[in-house]
A.B. asks: 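To start, I am sharing the structure in question, which I have written as structure tokens.
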2 protein chains.
Amino acid sequence: MRNQGPEMEIVHLLRAVTVELGLRSARFASHNGMHPTDVRALIELMDASRAGEEMTAGRLGAALGLNSAGTTSLLDRLEGAGHVRRVRGRQDRRKVVVEVDERAVELGWSFFGPLIGKAVELLQNCDEREREAIRGFLEGMREASAGGE
Amino acid sequence: MRNQGPEMEIVHLLRAVTVELGLRSARFASHNGMHPTDVRALIELMDASRAGEEMTAGRLGAALGLNSAGTTSLLDRLEGAGHVRRVRGRQDRRKVVVEVDERAVELGWSFFGPLIGKAVELLQNCDEREREAIRGFLEGMREASAGGE
DNA sequence: TCGAATATCTCGCTCAGCGAGATAATACGG
DNA sequence: CCGTATTATCTCGCTGAGCGAGATATTCGA
């Protein structure tokens, strides 16, 4: 193996976390008659709403790596299930602003709530320096994985 | 919003990392004529090989959340592309042991290598206590997300 | 030795997502 | 203002990943 320092355990741990989160998300999806992409869309929508930003059809599709046709059918699915509403943009009426239904937000929280609670609990048992180390590591990994190519 | 302590920034950061890793994995997949599931399968296979365990068709399918039919077609795909070989189990000849081709391992490293390098670099700039904090946080999140329901 | 259990495969089907192109609204040079 | 380029979304037809049902082959237990 290329590297076998004590760092590798943490690297594999991070990968394991992403795998487990993905599987849990898939289980939640099929349990609620949704597809993995629908759950990812809901996450993006809740995140945008939390940041106070409008989410358009195009931005959502780009965030999920879908083309426009796939985005349309995703929105058809979500709208048909009553999770979102399509609203024409006010200034630019070509755009479709996607609004999340309150019950879909509740559904999302029933899924993420316990995980978030556990995370907050773990972080509250850290002192400031430890929290900063965790934050720095995650921030670094996000930048490394977001990068181009 | 339900909670707005300083912990939430880290929670969202963790989610952002998993999203970015997923997108990067999808880009890598399409860039190599593969599907996201194929990449996930390769990860599982390399992980098992690293742990010195044999990976059978059934175990692989279970790890990915596929049924037996989907697993068979996944293996057909991977075998057709030359990434894996099917080998009948020696003691139990119902089983199919999946062996990864060396070139597929190289392909995997070309994708994960830079990310792993960045992670190791970040971790080497930490002292022992900070590393332990990161390890503990990820371990806790893995346990929380792995749990049943 | 025989039936139950287990591992994988085959067959037919559904539907997520793609490519190509239509439609509609906006931006902008002349 | 007009015509053209650009942008945002949608429609249509299609491919193929993954599912359910059931077939096949191997092993285990009474």
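Nothing here was measured: the structure is a model prediction, and the numbers come from that model. Numbered from 1 within each chain, the chains take letters A, B, ... in sequence-line order.
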A.B. asks: Might you confirm whether atom CZ of B:Arg129 has over 12 heavy atoms from other residues, nucleotides or ligands at distances under 6.0 Å?
C.D. replies: yes
A.B. asks: Can you measure A:Lys95 atom NZ to D:dC10 atom C1' for me and round it to whole angstrom units?
C.D. replies: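 Those two atoms, NZ and C1', are 17 Å apart.
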A.B. asks: Counting heavy atoms from C-beta on, name the nucleotide in D:dG20, C:dT8, C:dA25 closest to the side chain of B:Asn67.
C.D. replies: D:dG20
A.B. asks: State whether the distance check finds a donor on one side and an acceptor on the other, under 3.5 Å, for side chain A:Arg94 versus base D:dT7.
C.D. replies: yes
A.B. asks: How close or far is atom P of D:dT9 from atom CD of A:Glu79, stated in whole angstroms?
C.D. replies: 13 Å
A.B. asks: Check the distance between C:dC15's P and A:Asp38's CG and give it to me in whole angstrom.
C.D. replies: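 Checked: the CG to P distance equals 13 Å.
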A.B. asks: Nearest heavy-atom pair of A:Val98 and A:Ala57: which atoms, and what distance?
C.D. replies: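 Heavy atoms only, the tightest pair is CG2-N, 4.1 Å.
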A.B. asks: Between D:dA8 atom C1' and A:Leu75 atom CG, what is the distance in whole Å?
C.D. replies: 12 Å
A.B. asks: Without decimals, in angstroms, what is the distance between A:Asp76 CG and D:dC10 P?
C.D. replies: 7 Å
A.B. asks: Can you tell which of D:dC19, C:dC9, D:dT11 lies closest to the side chain of A:Thr72?
C.D. replies: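 Selected nucleotide (nearest to the side chain): D:dT11.
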A.B. asks: Could you state the CZ-P distance from A:Arg59 to D:dT7, rounded to the nearest angstrom?
C.D. replies: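 To the nearest whole Å, that distance equals 17 Å.
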A.B. asks: Classify A:Thr71 by what it touches in the nucleic acid, base, sugar-phosphate, or nothing, heavy-atom distance under 4.0 Å.
C.D. replies: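 It contacts nothing in the nucleic acid.
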A.B. asks: Mind calculating the distance between CE (A:Met34) and C1' (C:dC15) to the nearest angstrom?
C.D. replies: 16 Å
A.B. asks: 5'-most contact on DNA chain C: A:Gln91 or A:Leu66, nearest heavy atom basis?
C.D. replies: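 Comparing both residues, the 5'-ward one is A:Leu66.
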A.B. asks: Is there a donor-acceptor pair closer than 3.5 Å between any side-chain N or O of A:Thr72 and the backbone N or O of A:Ser68?
C.D. replies: yes
A.B. asks: My understanding is that only one of B:Glu54, B:Glu44, B:Glu53 makes a side-chain hydrogen bond (donor to acceptor under 3.5 Å, both in side chains) with B:Arg59; could you say which?
C.D. replies: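 Exactly one candidate clears the test, B:Glu53.
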A.B. asks: Let me know, please, whether B:Gly65 or A:Asp92 comes out on the 5' side of the other along DNA chain D by nearest nucleotide.
C.D. replies: A:Asp92
A.B. asks: Taking all non-hydrogen atoms of both residues into account, name the closest pair between A:Ala29 and A:Val39 and its distance.
C.D. replies: CB-CG2, 3.5 Å
A.B. asks: Is there any protein nitrogen or oxygen under 3.5 Å from a nitrogen or oxygen in nucleotides 12-16 of chain D, and what are the pairs?
C.D. replies:
none

A.B. asks: Kindly work out whether a path of hydrophobic side-chain contacts (I/L/V/M/F/W/Y, heavy atoms less than 4.5 Å apart) joins A:Trp109 to A:Val84.
C.D. replies: yes
A.B. asks: Identify the residue among A:Arg90, A:Arg88, A:Arg94, A:Lys95 that makes a side-chain hydrogen bond (donor to acceptor under 3.5 Å, both in side chains) with A:Asp92.
C.D. replies: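 Of all the options given, the one that passes is A:Arg94.
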A.B. asks: Nearest whole angstrom, please: distance from the P of C:dA5 to the CZ of B:Arg93.
C.D. replies: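 Those two atoms, CZ and P, are 24 Å apart.
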A.B. asks: For A:Arg86, answer base if it contacts any base atom (sugar-phosphate contacts may also be present), sugar-phosphate if it contacts only those atoms, and nothing otherwise; contact means non-hydrogen atoms under 4.0 Å.
C.D. replies: sugar-phosphate
